[in-house]
Structures are given as structure tokens and as C-alpha cells.
Amino acid sequence: MEKILDKDEKWPACPVCGAEVVKPEGEIMYYCSNAACPAQVQQRLEHFVSRGAMDIRGIGESLSAILLAEGLVKDVADLYYLKAEQLAQLEKMGDKSADNVITAINNSKERPLARVIFALGIRHIGAETAEILATEFHSIDELSNTSREKLMSIPTIGPKIADSIVTFFQQEVNRNIIKRLREAGVRLEKEVVKAEELPLAGMEFVITGHLEAFTRQEAGARIKALGGSTSSNVSRKTSYLIVGADPGSKLARAQALGTKQLNEEQFLELLRQK
DNA sequence: GAGCCTCGAGATCT
DNA sequence: CTCGAGGCTC
């Protein structure tokens, strides 16, 4: 039920910057409409450096506030242009602490794509959705150039999230931040995982019977993408026999060899764990 | 029967 | 927030 305002009644204003507040339809909370609101800027910075995001140790609530107040940082990209000497001049900051912070910032340049997406602070994009986006897109560029339709075709992503993403990448401020992150050397592409580090590395799979979720070819592709291999015959080298509906003679052979088996549900579970 | 709305469950985000 | 179920309209 929408509140009706009396003629002279004012909408509540942001307690920090005094800007007009908005209340998205169906929601209870009011949000400050000013993206440049100091409180919002600080929250975005804190979120960016937080553990689940870029994980920059040494910068938290306190230092974030100081960096903003001193004008050393105006947005998250500025972090990567900080100099140790600038930090060392701050209150309660010596050369040692300053160096530690700079090192932490540099280390964060290699974070996995999912974390970078999460760190950007796009509305409705939490750790989970960021993870999903990182499996669908190879880079921030690819994500930023995608369409509302493509996004909506992804399970768990509906109109609200799709719009939020599209709008975010349309904003000039955000494009600029991404540009400077790239120029500073922050990796905005999917990490290249070494073959031997893939989750199914060294495992050989054989499929028997009919799978519901996908064709043999698709199943094989998924296995390969995770570093595993496939074969058409069960042997002592076979790690798992995937048993679909109406299994063939491979099942008997697997039983004779004592090969481990997975039903389709267990196989899907294995893929989900990555 | 396609299109649109509401509603509730279950998952996710703030 | 997303998504599917069920009810309504045309």
C-alpha cells in the first residue's frame, strides 16, 4: 500500500547528504538517491575491500573513511594509484603499515573474476550471483556488453537483476572506474586455471544409459571443461561410471571391476561442486 | 491457449 | 529476487 503524502508533507531526506530518498516499489526501505552521497561512497569502498570481494587486508571501515576524507581516494579505482608515501603521512600510519597496505592492494589485482564482479557492488549482485555470472561470461567486458535478453536467459537471473546489470554498465562513472582498474593492472578476465588444478583433473568417466539433463556430447563437454576425460569403455582406469536410464553392458563390467558409480543426480551434484 | 496478474515457496541480498 | 502454479481475460 503506497503512502499518500499530504500537500505540504515532505518525503524523508537522506540523513547524511540531505538528498531526496526513494522507495522502490514493494520495498519498505528508503534509499538515498544520490550516488555521490558520502555514506554511499564509503559503503562501496568498504564493500570493495571486504573479505568476500577483493579482500584487501589493512583497509576497513576506519581507513576507508580516512582515505575519503583526505581526498586520497574518490572511488575504488583510486586505491590502485595510491603511493606508500601518501599513506605513511596519515595519522597512526608508519612506513611499515603503509607498505603492507600497498602490498595488499597489489595482491588483490589477481582476484578471480567472480570476486571482481561482486566487488563492483552492482545492486542485487551478491556473492552467489557473481559466481554464476563468472561462469557465463569470460570477462567484465563481455558482461558489460551483454544484453538484457541474454542475461534473462540465465537461470536465477530475472528482469530486476538483468536491468540492474545493464544500467550499471551504462553509467559513465562505472565505465570509467572499470577503465582505470584495467589500466592499473587489475585482472578483469577469467583466471586461467592450470590443467592439473581443474577439479576433475586425472579422472576418466564413462557413461552408460540415457541421461535426462543433457546429451552424451554435452555431458562429455562439461567433464572436459572441468579437466576430466571420457572413454567409451570401462577399464581399470575408469574413475566413475555414470549410470543413466536403461544402462547397457558397461554396468555389468563396472560391477565386475568394482568401478565407482554415479547416478545422474550424483553426477549433476559433482558438476555443481565444480 | 496465449498473455497477464497475483501469490507463495525457496534462495539470495542488504 | 526468481520462478512456477493457479486464476482471469480475451
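The sequence lines fix the lettering, A, B, ..., with proteins before strands; numbering per chain opens at 1.
- For A/I157 and C/dT2, the CD1 to P distance is 9 Å, given to the nearest whole Å.
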Check your understanding: Given A/K179 and A/N176, is the side-chain hydrogen bond (donor to acceptor under 3.5 Å, both in side chains) satisfied, shown in steps?
Key -> CA-CA 5 Å; A/K179 177 167 171 271; A/N176 183 38; 5.0 Å; no
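- Straight-line distance from the CD1 atom of A/I161 to the P atom of C/dT2: 4 Å, rounded to whole Å.
- Listed by first then second residue, pairs satisfying ring pair (Phe, Tyr, Trp, His ring centres under 6.0 Å) with a partner in residues 142-163 of chain A number zero, not counting sequence neighbours.
- Going from atom CD1 of A/I154 over to atom P of C/dC1 covers 18 Å, rounded to whole Å.
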Pairs under 3.5 angstrom, nitrogen or oxygen only, protein versus nucleotides 8-13 of chain B, please.
{"residue": "B/dC13", "atom": "OP1", "partner": "A/G126", "partner atom": "N", "Å": "3.0"}
{"residue": "B/dC13", "atom": "OP1", "partner": "A/G126", "partner atom": "O", "Å": "3.4"}
{"residue": "B/dC13", "atom": "OP1", "partner": "A/T129", "partner atom": "N", "Å": "2.9"}
{"residue": "B/dC13", "atom": "OP1", "partner": "A/T129", "partner atom": "OG1", "Å": "2.7"}
{"residue": "B/dC13", "atom": "OP2", "partner": "A/E128", "partner atom": "N", "Å": "3.4"}

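- Contact annotation: the side chain of A/L90 approaches that of A/L67 to within less than 4.5 Å [non-hydrogen atoms, C-beta and beyond].
- The shortest side-chain heavy-atom distance between A/I59 and A/F48 does not fall under the 4.5 Å cut-off.
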Could you give the side-chain donor-acceptor pairs of residues 198-210 of chain A under 3.5 Å, partners two or more places apart or in another chain?
{"residue": "A/T208", "atom": "OG1", "partner": "A/G248", "partner atom": "N", "Å": "2.8"}

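- In this structure, A/D75 does not pair ionically with A/R44, as no charged nitrogen and carboxylate oxygen lie closer than 4.0 Å.
- Rounded to whole angstrom, the span from the CD atom of A/Q42 across to the P atom of B/dT14 amounts to 18 Å.
- The CD1-C1' distance, from A/I165 to C/dT2, rounds to 13 Å in whole Å.
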